[in-house]
Amino acid sequence: MSELLQFLFSGLTVGAVYALVALGFTIIYNASDVVNFAQGEFVMLGGMITWFAYQAGLPLPLAALVAILATAALGVTLNKLAIEPARGAPVVSLIIITIGASVFIQGAAQQVFDKQIHSFPAFSGDTPLRVLEATIQPQSLWVIGGALVVFVGLWLFFTRTLIGRAVLATSNNRLAAQLVGINTNFVMTLSFALSAGIGALAGVLATPITLTAYNVGIGFALKGFAGAMLGGMGNPKGALVGGFLIGLIEALTAGYLSSTYKEAVAFVVILLVLFFMPQGLFGSKSTERV
Amino acid sequence: MPRLSAKSATLLVLAALVVVSPLFFPSGYYYRVGALIFVNGLAVTGIVILTGYAGQISLGHAGFAGIGGYACALAPVHLGLPPALAAVLGVLISGALAYLVGRPILRLKGYYLAVATLGFGILVSMVLNNERQLTGGPDGIIVPDLGLRGLLKDWGLNISNGEFWYFFCGIALLIGAWIALNLRQSPTGRALRALHGSEIAAQTVGIDVARLKLQAFVISAVYASVAGSLLALQNKFITPDVAGFMHSIEMVTMAVLGGAGSVLGAILGAGVLTLLPQVLTVFAEFEQLVLGLVMMLMMIFLREGLLPSLLRKLRGRDE
């Protein structure tokens, strides 16, 4: 029993990271119909930039802030330089652009930073908290809390603010949004900044537990996507639930089956979802406009 | 002057390249480089069928190359198959897996194939790295000799190992290109290109879109598998790198650089990106940077790829 609880805790922790990545996917997907394969690199950059800023002598909170802002700026740059010029391109071209961006950012991180594995101290110490018969790291609570706060924040943003509703309107119908005076280019910029910032935040929160290196991004992208798909592509609630579920399945697989092949979970889930419920848990059936 | 069909012209150019290039080789080492280009060209021809014709993308094709390669390493030892039959076994396994993975996915939007193949590639490379007892793990494993060169020697044709693999892979590439070009002009190929243009339009004229995409995916997996087998047999050694994510990315980049819609263009892309690390030794350090940049730049500025854009420009001047 305590064993199961322990696995659940670790599942919720990584699941929170996947949920944040899935939310990042969802924001960009909704605003532009683009699946941004570089989403995982934002997580990597969040961790790596924080580590280097921290090494350079900045206090940890400031280093984290620098990392999040820098990554958000990079997200905006990616949109301006690579996504916007290819507007209207076939899906395959957009996939190649974003996967190319992902590979490029990895290559750049190798040069600008290094190829080592890094970590920085947990925010509230390393003394595990006892919960029932299991223990949980304080940092896990930061990660899980972070995912929930971001989700609620996004929900408020999209339902209660004018700009947030403009984003929703754009994702519903770009042309109609333009006609009522919404600056859709600004909406795109905002979506990429938000999505990259959230990815970086996930990297900042998770690095004390999961460690970071230049090449961790693609794994996060795969799992975050699996989460977003399980929940129903484009649905924020689905992204949150899907991300947590992927984390839980992965942790249980690692605990009871094989820790090596826990990495296969995301792939198997993607296949099963596609086989049995392509709309995901919360998705609505979509039709394609001609 | 009677005009050559594009198909014959492509095949002629390729055959001429295979035969004439050795005249300019400064050393025997270039036979090996040439053979590598042909192997990569073969794999990329598969990408042409998938991406150029059918408009789908795979980010895990190296997984199939890995299966083809390790089939040649493992089947002779564990099943007693001769290496050539082992390669055929690799093709069967790759094709079957592509069918199983592709069937549910190809009904949906393009993203799903990209993600699922990404996961598939990572999975294959993970199995190859972790099942040490079977695959030798990250250190790789020895691959038995194909034995064909010995056979040729018995028949009185004595050529060096480098020359043998150069021409063997060159012939394989020619056959692969011939099949791909024939496919392009067949009803299947026309239907594939129709669905590339618009899936919905293709559907309304009665094309079974999902089935066709699946066919293209399976065929391209077979190409990757054969290329993996050729690489393994040629090197007499194979490591899990052949199935790695970066190898998949290399294949896609080669195709989009030269032109994913053109067999000759894609092979040109394979040639450039295979030669580059041989000429520039620092390339290895910056490989990811360069590949990522090439992918983005080509898709933004020259979506058709180098060769088709160049040809279009030349034709424009003629008229």
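Lettering follows sequence order; numbering is per chain, from 1. In this text, all values refer to a predicted model and were calculated from it rather than measured experimentally.
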**Q** Let me know if B:V290 has heavy atoms under 4.5 Å from chain A in its side chain, its backbone, both or neither.
**A**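 The answer is neither part of B:V290.
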**Q** Non-hydrogen atoms of chain A under 4.5 Å away: do they reach the side chain of B:I249, the backbone, both or neither?
**A**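 For B:I249, the contact with chain A is made by the side chain alone.
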**Q** Can you tell me which portion of B:L123 sits under 4.5 Å from chain A's heavy atoms? Options are side chain, backbone, both or neither.
**A**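 For B:L123, the contact with chain A is made by the side chain alone.
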**Q** Checking B:V294 against chain A: side chain, backbone, both or neither under 4.5 Å from a heavy atom?
**A**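 For B:V294, neither part sits under 4.5 Å from chain A.
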**Q** Most heavy-atom pairs under 4.5 angstrom with chain A, which of B:T51, B:L59, B:L297?
**A**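 Heavy-atom pairs under 4.5 Å are most numerous for B:L59.
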**Q** If we only count heavy atoms from C-beta on, is the B:H196 to A:P90 side-chain gap below 4.5 Å?
**A**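 Result no, sub-4.5 Å side-chain heavy-atom pair not found.
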**Q** First locate atom CE of B:M296, then atom CD1 of A:I83, and finally report the distance between them rounded to the nearest 0.5 Å.
**A**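 One gets 9.5 Å once the value is rounded to the nearest 0.5 Å.
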**Q** So B:M295 and A:I99, side chain to side chain contact (heavy atoms under 4.5 Å, CB included) or not? Walk me through it.
**A** CA-CA 8 Å; B:M295 289 169 96; A:I99 195 82; 3.3 Å; yes
**Q** What part of A:E263 lies closer than 4.5 angstrom to a heavy atom of chain B: side chain, backbone, both or neither?
**A**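 For A:E263, the contact with chain B is made by backbone and side chain together.
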**Q** Dump the intermediate steps for side chain to side chain contact (heavy atoms under 4.5 Å, CB included) on A:V91 and B:I57, then the final yes or no.
**A** CA-CA 9 Å; A:V91 169; B:I57 189 166; over 6 Å; no
**Q** Mind checking whether A:F104 and B:L291 have side chains closer than 4.5 Å, heavy atoms only?
**A**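 Sidechains of B:L291 and A:F104: no contact.
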**Q** Please give me the minimum heavy-atom distance between A:G107 and B:L289, naming the atom from each residue.
**A**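 For A:G107 and B:L289, the tightest heavy-atom pair comes out as C-CD1, 3.4 Å.
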**Q** Is chain B contacted by the side chain of A:A266, its backbone, both, or neither, given a heavy-atom distance below 4.5 Å?
**A**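 Looking at A:A266, nothing touches chain B.
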**Q** With a 3.5 Å distance limit and no angle check, can you tell me whether B:Q288 reaches the backbone of A:I105 through a side-chain donor-acceptor pair?
**A**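 No.
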**Q** A quick test of your reading: do over 12 heavy atoms of other residues, nucleotides or ligands sit less than 6.0 Å from CG of A:L272?
**A**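 Atom CG in A:L272 is crowded, with more than 12 foreign heavy atoms closer than 6.0 Å.
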**Q** Quick one: which of B:A260, B:G55, B:G119, B:A116 has the most heavy-atom pairs under 4.5 Å with chain A, could you say?
**A**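 Heavy-atom pairs under 4.5 Å are most numerous for B:G119.
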**Q** With only heavy atoms counted, which part of A:F37 is less than 4.5 Å from chain B, the side chain, the backbone, both or neither?
**A**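 When you check distances to chain B, only side chain atoms of A:F37 fall under 4.5 Å.
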**Q** Given that the side chain runs from C-beta out, which part of A:I96 has a heavy atom under 4.5 Å from chain B: side chain, backbone, both or neither?
**A**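 Contact with chain B is through both the backbone and side chain of A:I96.
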**Q** Walk me through whether B:F120 and A:L271 qualify under side chain to side chain contact (heavy atoms under 4.5 Å, CB included).
**A** CA-CA 10 Å; B:F120 169 78; A:L271 282 192; over 6 Å; no
**Q** Has B:R103 got more than 12 heavy atoms of other residues, nucleotides or ligands less than 6.0 Å from its CZ?
**A**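 Check fails, neighbour count at 12 or below.
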**Q** Measuring from B:E287:CD to A:Q106:CD, what's the distance to the nearest 0.5 Å?
**A**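 Those atoms lie 11.5 Å apart.
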**Q** Could you tell me which portion of B:V256 (side chain, backbone, both or neither) has an atom closer than 4.5 angstrom to a non-hydrogen atom of chain A?
**A**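 Only the side chain of B:V256 comes within 4.5 Å of chain A.
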**Q** Considering only heavy atoms, which portion of B:E285 lies under 4.5 Å from any heavy atom of chain A: side chain, backbone, both, or neither?
**A**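 Both the backbone and the side chain of B:E285 come within 4.5 Å of chain A.
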**Q** For chain B, which candidate among A:K223, A:M229, A:M233 shows the most heavy-atom pairs at distances under 4.5 Å?
**A**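 The residue among A:K223, A:M229, A:M233 with the greatest pair count is A:M229.
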**Q** Any idea which of A:V268, A:L222, A:L94 has the most non-hydrogen atom pairs under 4.5 angstrom with chain B?
**A**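 Going by pairs under 4.5 Å, I would pick A:L222.
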**Q** Kindly indicate, with the supporting measurements, whether the criterion side chain to side chain contact (heavy atoms under 4.5 Å, CB included) is fulfilled by A:V103 and B:F245.
**A** CA-CA 10 Å; A:V103 173; B:F245 172 63; 4.3 Å; yes
**Q** So, taking the atom named CE in B:M298 and the one named CD1 in A:I97, what distance separates them when rounded to the nearest 0.5 Å?
**A**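 Going from CE on B:M298 over to CD1 on A:I97, the span is 11.5 Å.
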**Q** Fit a plane to each ring of A:F225 and B:Y112, take the angle between them on a 0 to 90° scale, and name the class: parallel (under 30°), tilted (30 to 60°) or perpendicular (over 60°).
**A**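 Aromatic pair A:F225/B:Y112 classed perpendicular.
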**Q** Nearest 0.5 Å, please: how far is CE in B:M126 from CZ in A:F267?
**A**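 The distance works out to 10.0 Å.
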